[in-house]
Each structure stands twice: as structure tokens, then as C-alpha cells.
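Structure, as C-alpha cells:
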Amino acid sequence: MPATEAPFIAGLPWTLRDYLAGPCGLPPGVLEPRGAQELPAVPRRLLAHDQDMTSTLARHHGGELAVDVLRHEVRGDTYLREVFLRVRPGGSVVEYGVIAIAQENLPAPVRAAVIGARGPLGGLLHQFAVPFHCAPMGFFEVSSALLPRLGAVEGPCHGRCARLSTPAGESLAWAVEILPPLPSSTQP
């Protein structure tokens with residue numbers, strides 16, 4: 001099945017697919033679908049779960065995460081942003097992400113914090129005690145050569161598409177979350 005037909009790609013809103021392919025330069029067709037069991041051990045542990053990536057990566061890297069917004073735009077009620085998550089303070093990039101946030105379903109203080117780039121979405125939802133669910137939609141591999149924003153790194157990157165929703169099922173966000181290649185010493 002071609003990557004563009006992967007169910008997790010089809011499940012992303014068109015605004016996110018268009019933003020990925022256009023301004024971010026990452027057409028969904030380059031995301032090669034993988035089953036969770038096909039991922040190397042460390043990326044599988046970091047990606048194949050129903051938790052937000054902010055908390056998962058903060059635990060794994062032993063520190064809080066900050067968000068660097070690389071670009072953003074609003075399309076209707078959707079706030080789109082391309083980001084790096086970094087370990088604080090001034091640490092290395094631990095995730096490249098592109099996210100579509102359904103602004104109308106966020107409480108006003110959370111919406112203001114998101115737009116003000118005061119933190120990663122998952123961290124802000126926890127900070128403001130907003131109940132939510134996170135559901136992976138699918139996993140993939142992508143060549144680091146297609147992610148020039150990550151700099152001079154080599155090797156495959158692994159990632160997932162996920163949907164964040166309220167307990168009642170209203171969508172909060174859809175995210176494409178990509179881990180930079182991990183050093184070979186951390187991949188069994």
C-alpha cells in the first residue's frame with residue numbers, strides 16, 4: 001500500500017496534510033508506514049503508547065521540555081505549528097513535530113498559552129488540568145535527509161501520528177511527531 005493511502009494519513013485533517021506538504025516541505029507520501037513491532041526498541045518504547053509525547057520524552061530525557069516554534073499559521077479554527085521540542089535549558093532537539101490544534105475545543109487560557117508558545121501542547125494540557133486522551137493513529141519511518149531542519153544527522157527517523165481528544169471525543173489536536181535518529185549505542 002503506498003504511504004499516501006496509509007489509514008493514519010487519511011485520518012489527518014486536510015489542513016495538516018496540506019501544511020505538512022506545503023510550508024513544512026514534508027509530503028505525507030514520504031512517511032513510510034511501519035507497525036509498532038517493526039520500530040527499533042527505543043523508538044517503539046517512546047512512540048507506541050497512549051500518552052502524550054511531552055510527558056514521555058521529559059521522563060526519558062530526565063528534564064522538562066521547551067518548545068521552539070519554527071513556523072505557525074491559522075486556518076479557520078485550526079492553529080498549525082511546526083516545532084522542535086528541546087530538553088530545558090537549551091538542550092538538544094528530542095522531537096520534530098507538526099501539529100494542527102482545534103482552537104475552538106481548548107479553554108481560553110490554554111489557547112493563549114499555545115499561541116504564546118509557552119510550552120508543548122501536552123505539557124500545557126497537564127499544567128491547566130485539561131483532561132484528554134491521546135491515541136496513536138499509526139507509526140512510520142522517514143529519512144533524515146528529508147528533514148533538513150534537523151541539521152546534519154544521518155539515519156532513519158521514526159515517528160507517529162496521534163490524535164488528542166477530550167474524554168467526550170471532541171478533537172483537540174492531531175500531531176505528526178518525529179524522533180531524530182538515535183545514536184546507535186541507544187538502539188539495541
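Along the sequence shown, residues carry numbers from 1. None of these values were measured; they are calculated from a predicted model.
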Can you name the salt bridge (charged side-chain N to carboxylate O under 4.0 Å, His left out) partners of [X], sequence neighbours left out?
X: R86; answer: D68
X: E82; answer: R71, R149
X: E170; answer: none
X: D77; answer: none

Answer yes or no: is there a side-chain heavy-atom contact under 4.5 Å between [X] and [Y]?
X: Y96; Y: S144; result: no
X: L16; Y: V98; result: yes
X: R45; Y: H60; result: yes
X: L124; Y: L106; result: no
X: R17; Y: I9; result: yes

task: Kindly indicate, with the supporting measurements, whether the criterion side-chain contact (heavy atoms from CB on, under 4.5 Å) is fulfilled by L147 and I178.
output: CA-CA 10 Å; L147 301 168; I178 303 173; 3.9 Å; yes

Do [X] and [Y] land in one hydrophobic cluster if side-chain heavy atoms of ILVMFWY residues count as linked below 4.5 Å?
X: L46; Y: V83; value: yes
X: V114; Y: L70; value: no
X: M137; Y: V30; value: yes
X: F128; Y: M53; value: no
X: L121; Y: V69; value: no

Counting distance only, does the side-chain N/O of [X] pair as donor-acceptor with the main-chain N or O of [Y] below 3.5 Å?
X: R160; Y: L47; result: yes
X: R75; Y: L80; result: no
X: R81; Y: I101; result: no
X: R44; Y: L39; result: yes

List in chain and number order the residues that pass side-chain contact (heavy atoms from CB on, under 4.5 Å) with [X], two or more places apart in sequence or in another chain; answer none if no residue qualifies.
X: V87; result: H61, L65, V94
X: P131; result: P167
X: R59; result: S55, T56
X: P107; result: P109, V110, V130

- request: Start with the C-alpha distance between I99 and L164, add both sets of side-chain angles, then the distance that settles side-chain contact (heavy atoms from CB on, under 4.5 Å), and finish with yes or no.
  value: CA-CA 10 Å; I99 187 167; L164 282 74; 5.7 Å; no

message: I need the L125 CG to C134 SG distance, nearest 0.5 Å.
response: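 Atom-to-atom, L125:CG and C134:SG are 10.0 Å apart.
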
Kindly give the heavy-atom pair with the smallest separation between [X] and [Y], and that separation in Å.
X: F140; Y: E177; value: CZ-O, 4.1 Å
X: C157; Y: P181; value: SG-CD, 3.5 Å
X: P40; Y: H158; value: CD-NE2, 3.4 Å
X: H49; Y: D52; value: CE1-O, 4.2 Å
X: P23; Y: D18; value: CD-O, 3.9 Å

query: Quick one: side-chain hydrogen bond (donor to acceptor under 3.5 Å, both in side chains) pairs with a partner in residues 101-113, sequence neighbours left out?
result: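 Sorted result for residues 101-113: empty, none.
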
message: So that I know where these two stand, are H72 and Y79 an aromatic pair - ring centroids less than 6.0 Å apart?
response: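 Yes, the ring of H72 comes within the 6.0 Å limit of the ring of Y79, centre to centre.
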
message: Suppose we screen for side-chain hydrogen bond (donor to acceptor under 3.5 Å, both in side chains). Which residues come up paired with Y19, at least two apart in sequence or across chains?
response: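 Scan of Y19 (side-chain hydrogen bond (donor to acceptor under 3.5 Å, both in side chains), adjacent residues dropped) gives none.
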
- prompt: What residues form a side-chain hydrogen bond (donor to acceptor under 3.5 Å, both in side chains) with T166, not counting sequence neighbours?
  reply: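 With sequence neighbours excluded, T166 shows a side-chain hydrogen bond (donor to acceptor under 3.5 Å, both in side chains) to no residue whatsoever.
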
Pairing residues for H126 by the ring pair (Phe, Tyr, Trp, His ring centres under 6.0 Å) criterion, not counting sequence neighbours: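 Listed in chain order: F132.
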
